[in-house]
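Naming convention: chains lettered A, B, ... in sequence-line order (proteins, then strands); numbering from 1 in each chain. The structure presented is a predicted model; accordingly, all values stated were derived computationally and were not measured.
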2 protein chains.
Amino acid sequence: MTPSTVSRVMNDSNLVKPRTRQRVLEAVQSLGYVPNKAARMFKYGKSRIIGLVVSAQHISELIYNAGFQAQFKALTEKAHNEGYNILIITSADADSETYFDVIKSQAADGFIIMSPSANESLASMLEEAGIPYIFNMKYSNNPADIYYASADDFEGGYTAANHLLELGHTDIRFIVGSVKGQIISFNGDRIRGFMKALSEYDIPFREEMIVRIPGQLEESYAGIHRLFQTEKPTALMISNEITTVAALNYFHDHGIRVPQDLSVIGFGPSEFFRGLRPNLTNVSFDIAWSSGRIVDMLLQRIERGPVSLEPAMKPKLNIQDSTARNE
Amino acid sequence: MTPSTVSRVMNDSNLVKPRTRQRVLEAVQSLGYVPNKAARMFKYGKSRIIGLVVSAQHISELIYNAGFQAQFKALTEKAHNEGYNILIITSADADSETYFDVIKSQAADGFIIMSPSANESLASMLEEAGIPYIFNMKYSNNPADIYYASADDFEGGYTAANHLLELGHTDIRFIVGSVKGQIISFNGDRIRGFMKALSEYDIPFREEMIVRIPGQLEESYAGIHRLFQTEKPTALMISNEITTVAALNYFHDHGIRVPQDLSVIGFGPSEFFRGLRPNLTNVSFDIAWSSGRIVDMLLQRIERGPVSLEPAMKPKLNIQDSTARNE
DNA sequence: CTGTTAGCGCGTTCAC
DNA sequence: GTGAACGCGCTAACAG
């Protein structure tokens, strides 16, 4: 009974006589032998682990975000179905070098990178090191060497604005978050879509139509409060789910009726908005689909080589109870 | 320039001449050499990975649960601070054997097991295999060989009920979830606490005071609807956050005013309830603390051996706007 | 069918 | 200060 025989038994090879297999299994049982996974990973050069790279601060915010929850669920399920597990890789900082150092020291077969900001230098470092990766979203307009699953955020912003304009609203505010003073790239696209819709209705765009409010509950509440002390828009587009909750709470607390006094459109998973009152009109993307695509693309890079980019995912406008005609 | 020299440089050994080190670093740079993590794990027998074991179905539900989010955040942060990363280990099924098979095939230094149901046989299998583990919660009253971070759920149920009884409520319902028809052990403790409070007020306990409602939004809404078609309790204790949201939505949709018509107490992180309207009176546990304890206990088992159980974590009653005197 | 051998990449030990 | 040799646990390839 040699190591290789045991190995054969453990790996269900059929090159073992039933009697021998039996004896091995008994021995395994009584000794409580467990094959060493690290040695296996070493031998095969594969871990069947997908690294989900997030900076430590960022994950704390993300976890409360409905969009991330939906994505996390979908990623986990998809990975599980493909026989992979997800390793949460937390980086102390979000800059390219730190990310790269953390990534290259991990034993994952590939990486999904959830950075809040653009990272072309990270992409080229990973490319050079031959490490398979996928970005969680589109960070730039240079698709040459950046892999990501993209959503058509321009269309999303356009669709939302168009719906409000059709209802006769002209004084619309678009509330977006910001990271270190910068507007995240997908919000940039949404804003451009918003502007296009405005121009189609011959409404001049003004800077103050874009309102930057931090994405945490208390800060958002304060930000909404500040806005409504000086302004009286008739419609709001809100790019972040937590801010949306804070806004609804503010309106509840101050007797502002939605949609009678104010129309509101949210961005995010439509299931999330079903839990709010009123049930919010929203622009949603199919997160399960895009997360599946992310895993597919990554696994293809891992197992079979290069992949080509898919067309961007289209948004869907779900009209519910929070938007009404502007009287 | 041999492999061992490179190894010495990579591991910051001071047995290398500065000039040699320099040459090695240059070569490393230009060749894009990255030490193989799997080989390192193999060599050291340590991965600095903590496995978070959840069944695949269960994680889909958990991720939308505010308590899990808080715990996930705390676990991730704590692990990161200790230099560990979290590996999400999804098991197809939640029975002991499947869990054990999945666990033993993973290269983590220890495991946090988030099973929805009791698992003493799993505990003994892990014990026997010498695999460090911690359960997410208390599953039985046999503490001999089961490690967990416990919360005083009896006290939680008692505190909530006592608050309502003090306010003059006598027709109270306690809404709990159930897994495969079974009441989860911590809910069992909460129910016993509830019963104790009732008995102190000489109110006889009746079976129908305990209402089992599934923990998803739509199902919870339907369950609440069913309850209120036949009953008119004056106060509710709700053990699950999603069910709480569904209940508030139902009350909103049907003109039931909280707290004028009905008092409601929730269980969960108090920050979560701040996002609801009305801001709910709640019984909360310090999840950051208990999650930190879980990681501490696990790391101690990994690095230094056995640990002793801590006293159970005490709940806190946060009185907000959803409970009022019963007129 | 089963035993023997070799090597995956790393870090450590032992010579030099 | 540096190179050569070894072994961690496993399994594929080869020999019998």
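Taking atom CG of residue A/L15 and atom P of nucleotide D/dA15, one finds them 17 Å apart after rounding to whole Å. Rounded to an integer number of Å, the gap from A/N14 CG to D/dT11 P is 16 Å. Rounding to whole angstrom units, CG of residue A/D12 and P of D/dA12 are separated by 13 Å. Atom CD in B/Q22 sits roughly 16 Å away from atom P in D/dG1 (whole-Å rounding). Between the C1' atom of D/dG1 and the CZ atom of B/R23 lies a distance of 12 Å, rounded to the nearest Å. As a whole-Å value, the separation of A/M10 CE from D/dT11 C1' is 13 Å. Separating the CG atom of A/N36 from the P atom of D/dG7 is a distance of 18 Å, rounded to the nearest angstrom.
In this model, the phosphate group of C/dT4 is not approached by any side-chain N or O of A/T2 to a distance below 4.0 Å at OP1 or OP2. When the side-chain nitrogen and oxygen atoms of A/S4 are compared with OP1 and OP2 of C/dT5, none of them lie within a distance under 4.0 Å.
In this structure, B/R304 places its CZ atom where more than 12 heavy-atom neighbours from other residues, nucleotides or ligands lie under 6.0 Å away.
Without hydrogens or angle criteria, B/T98 side chain to B/A94 main chain gives no donor-acceptor distance under 3.5 Å. Judged purely by atom type and a 3.5 angstrom limit, B/S47 uses its side chain to pair as donor or acceptor with the backbone of B/A107.
Comparing C/dT2, C/dC10, D/dG1 by their closest approach to the side chain of A/T20 singles out C/dT2.
Side-chain atoms of A/R8 come within donor-acceptor range of the base of C/dG3, with a qualifying N/O pair under 3.5 Å.
Near DNA chain C, defined here as any heavy-atom distance below 4.0 Å, the residues from residues 37-47 of chain B are B/A39, B/R40, B/F42, B/K43, B/Y44, listed numerically.
Between B/F135 and B/Y148, the gap from one ring centroid to the other reaches at least 6.0 Å.
Look at B/E127 and B/R301 and you find a salt bridge, because one of the NZ, NE, NH1 or NH2 atoms lies within 4.0 Å of a carboxylate O, short of that distance.
In this structure, CD1 on A/I302 lies 5.5 Å from CD1 on A/I50, to the nearest 0.5 angstrom.
Counting only N and O atoms by type, the side chains of B/R21 and B/N14 include no donor and acceptor under 3.5 Å apart.
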